[in-house]
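Ligands are counted one by one from 1 in listed order, and the atoms in each one are counted from 1 as well.
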Amino acid sequence: MKGDKKKKIIKTIRIDVDKCNGCRACEVICSAFHAAPKYSSNNPARSRIRIIRDPLKDIYVPVYAGEYTVAECAGRDKYMIDGKEYDECAFCRASCPSRDEFKEPDSGLPLKCDMCESDPPLDEPLCVKWCHAEALIYEEREETVPEDQEEQEDMEIGLESLADKYGLQKIMDTVARMSEKD
Ligand code: SF4
Ligand code: SF4
C-alpha cells in the first residue's frame, strides 16, 4: 500500500584518510571483481574507488564513485591540504560529462560503487577486506524508509548491472523493440 514503511539496511564505508598509505590494493580488487568474467583481469581505471595521491606530501585520499550526473556543476570547490591546492573536481564522487574519472574506459559508461553486490552476498565489500591498513571501515545501520523507495533503488541497481553487462545502447534498443510489440 502507498505510504507503507519498511526497514532497510544502510551500508556505509567510513574512510580514515590518516591510515591510507596509497597502496591501491582497493582499486585492483574492485576492478577485478567487476571484470567480466569476474577476476579475469584488473585495471584500476575500471575501479569504483580511486586514490587521490600526492606521495611527496604523504597525502592519499580514497574517493568512492557516486551517482552519474548528466550536467557538470555550475560552481566548483577548491581544496587546500598541507599547502597544496587540488583540482576543483579532484574529490568529487560523480561520473560527470566534463571528466574521465569513474567511466568505463572502453564504453564510457558511468561507474558507481555498488558495495560489491553479488549473489550470494559477500560478508563485507572487497575493498574493505583488501585494505590491510584498515583505512576503510564497513558499517551497517537500520533505517525505516518508504516501501517504494527501496523498489526504485533495486530497479536502478538492476539496470546498472544490465548496462555493465550488455552496454546501455543495447538495453535501450531492446526496450524500444519490446514497446513496439505492445
Ligand atoms: S587499500 Fe587501503 S591503504 Fe591501500 S590505497 Fe586503498 S584505502 Fe588506501
Ligand atoms: S565496495 Fe565494492 S564496488 Fe564499491 S568501491 Fe569497494 S570494491 Fe568497489
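Under a hydrophobic-cluster definition in which Ile, Leu, Val, Met, Phe, Trp and Tyr are linked whenever side-chain heavy atoms come within less than 4.5 Å, directly or via other members, Ile51 and Tyr64 are assigned to different clusters.
Excluding waters, the count of protein N/O/S atoms less than 2.8 Å from atom 4 (Fe) of ligand 2 comes to 1.
Every heavy atom of Glu117 sits 4.0 Å or more from the atoms of ligand 2.
In this structure, the side chain of Glu85 does not engage the main chain of Lys78 through any donor-acceptor pair within 3.5 Å. In this structure, Ser95 contributes its side chain and Phe102 its backbone to a donor-acceptor pair below 3.5 Å. Lys103 places a side-chain N or O within 3.5 Å of a backbone atom of Cys96 that can act as its donor or acceptor partner.
Excluding waters, the set of protein N, O or S atoms lying under 2.8 Å from atom 8 (Fe) of ligand 1 comprises Cys20 SG.
Legend: salt bridge (charged side-chain N to carboxylate O under 4.0 Å, His left out) pairs involving residues 91-101, not counting sequence neighbours, sorted by first then second residue: Arg50-Glu101.
Checking each of Arg14, Glu124, Lys19 against Ile137 for a side chain to side chain contact (heavy atoms under 4.5 Å, CB included) leaves exactly one that passes, namely Arg14.
Taking the side-chain contact (heavy atoms from CB on, under 4.5 Å) definition, one finds that Asn42 meets it with Val28, Ser31, Ala32, Pro44, sequence neighbours left out.
With salt bridges taken as basic N to acidic carboxylate O contacts below 4.0 Å, one links Glu143 and Arg141. Arg48 and Asp114 are not joined by a salt bridge, as no carboxylate oxygen comes within less than 4.0 angstrom of a charged side-chain nitrogen.
Glu134 places none of its side-chain heavy atoms less than 4.5 Å from the side chain of Val128.
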